[in-house]
Asker: 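First the structure, then my questions, so here it is.
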Amino acid sequence: MQTSSHKKKLVIGNWKMNGSSVANASLLRSLLPVISRFESVETAICPPFPYLTTVADLLDDSDVSLGAQNLSTHLSGAHTGEVSASMLQDIGCRYVLVGHSERRALYAEDDELVAKKFATALRAGLIPVLCVGETLAQRQGGETEAVVTQQLSAVLKAVGIQDLVKSVIAYEPVWAIGTGETATPEQAQAVHRHIREWLAEQDRPAATDCRILYGGSVKAENAKQLFDQPDIDGGLIGGASLDAMSFAAICWAAQTAPAAEPIAI
Ligand code: PEP
């Protein structure tokens, strides 16, 4: 019988298309002294592209990692407006979001493109944060597990299980993103469990080590109950990451949540 090993929880702030030089510096000035005291949680910030280097400088003396929100599948050359994985790696990014539901819905990113971005990120030494999740109609139609499995399978087909589990997976129900509506801890845990069992069907030991984050209107008020769930290894935070004290409170909830209990798969 396989068991989950200990993992530090991971909390990633996705600033989306928000911020300015002044606002970013002010946010980080308030945030960093607080979260740098939280040693049992790993944290990362994903600012918009133009601010990556200045945020990298501001994060320099901290343990907070830098992430990007998107990348090109192309390596270099005539792709005006695109940003390559090697550029992100070059300026110090550790993570990159892949398959965020806003990109799937608003920029027509399908499973095949998401899988390509995932593979491109990994090849450049970045850690992809693969976002998966169902719409409200799909949930109401009882399709949640099938949708999530299909999104994961597309990446599995492209890179194989050993590379898939090198990533971070973020379960983000589309109906909960930016809506103020959060999945209940039980709803989130059920899908996280499904993902972990699906990973275990491919490779049991790898499944236990893969971090699966929850995202969707996580706030200071609901973070602790979510992070207390045995298969929730942290959070991907949108709106609440723009407020230093809210994000710090969410990181604190992760810091004080129990480490993943060894549980049977
Ligand atoms: C997100 O952008 O990934 C997200 C989860 O946003 P929010 O926390 O605002 O729902």
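Indexing begins at 1, ligand by ligand and atom by atom, following the structure's order.
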Asker: Between His79 and Ser84, do the side chains contain a donor N or O and an acceptor N or O under 3.5 Å apart?
Answerer: no
Asker: With heavy-atom distances below 4.0 Å as the criterion, list the atoms of ligand 1 near Gly178.
Answerer: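 So the atoms of ligand 1 that pass are 7 (P), 9 (O), 10 (O).
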Asker: Between Leu236 and ligand 1, which part of the residue brings a heavy atom under 4.0 Å of the ligand: side chain, backbone, both or neither?
Answerer: both
Asker: So is Ala240 touching ligand 1 or not, going by heavy atoms under 4.0 Å?
Answerer: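 Contact check Ala240 vs ligand 1: negative.
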Asker: Looking at Ser217, which atoms of ligand 1 are within less than 4.0 Å of one of its heavy atoms?
Answerer: 7 (P), 8 (O), 10 (O)
Asker: Using side-chain heavy atoms (C-beta onward) and a distance below 4.5 Å, is Gln255 in contact with Lys9?
Answerer: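 They are not in side-chain contact.
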Asker: When you compare the side chain of Lys219 with that of Ser246, does any pair of heavy atoms fall below 4.5 Å?
Answerer: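 Counting from C-beta outward, Ser246 and Lys219 never come under 4.5 Å.
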Asker: Note the single closest protein heavy atom to atom 5 (C) of ligand 1, along with its residue, its atom name and the distance in Å.
Answerer: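 Checked against all protein heavy atoms, atom 5 (C) of ligand 1 sits closest to Glu172 OE2, 3.0 Å.
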Asker: Taking only heavy atoms of Gly216, which atoms of ligand 1 are found under 4.0 Å from at least one of them?
Answerer: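 Taking each heavy atom of Gly216 in turn, ligand 1 has 5 (C), 10 (O) under 4.0 Å.
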Asker: How far is atom 9 (O) of ligand 1 from its nearest protein heavy atom, and which residue and atom name does that atom have?
Answerer: Gly239 N, 2.8 Å
Asker: Considering only the protein, which heavy-atom contact is closest to atom 1 (C) of ligand 1, and what is its distance?
Answerer: His100 NE2, 3.2 Å
Asker: Any side-chain donor paired with an acceptor under 3.5 Å for Gln151 and Asp111?
Answerer: no
Asker: Regarding Ser153 and Gln150, is there a side-chain donor-to-acceptor distance under 3.5 Å anywhere?
Answerer: no
Asker: List every atom of ligand 1 that sits less than 4.0 Å from any heavy atom of Asn14, numbering the atoms from 1 in the order shown and giving each element.
Answerer: 1 (C), 2 (O), 3 (O)
Asker: If you measure only the distance, is there a donor-acceptor pair under 3.5 Å linking the side chains of Trp198 and Glu145?
Answerer: no
Asker: So, regarding Lys16 and ligand 1 (criterion: nitrogen or oxygen to nitrogen or oxygen, under 3.5 Å), is there a contact or not?
Answerer: yes
Asker: Heavy-atom contact check, 4.0 Å cutoff: does Ala176 meet ligand 1?
Answerer: yes
Asker: Below 4.0 angstrom, N of the basic side chain to O of the carboxylate: do Glu39 and Lys8 qualify?
Answerer: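 No, Glu39 and Lys8 are not salt-bridged.
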Asker: Nearest protein heavy atom to atom 8 (O) of ligand 1, by residue and atom, and its distance?
Answerer: Gly238 N, 2.8 Å
Asker: What's the shortest heavy-atom distance between Thr120 and Ser72, and which atoms?
Answerer: CG2-O, 3.7 Å
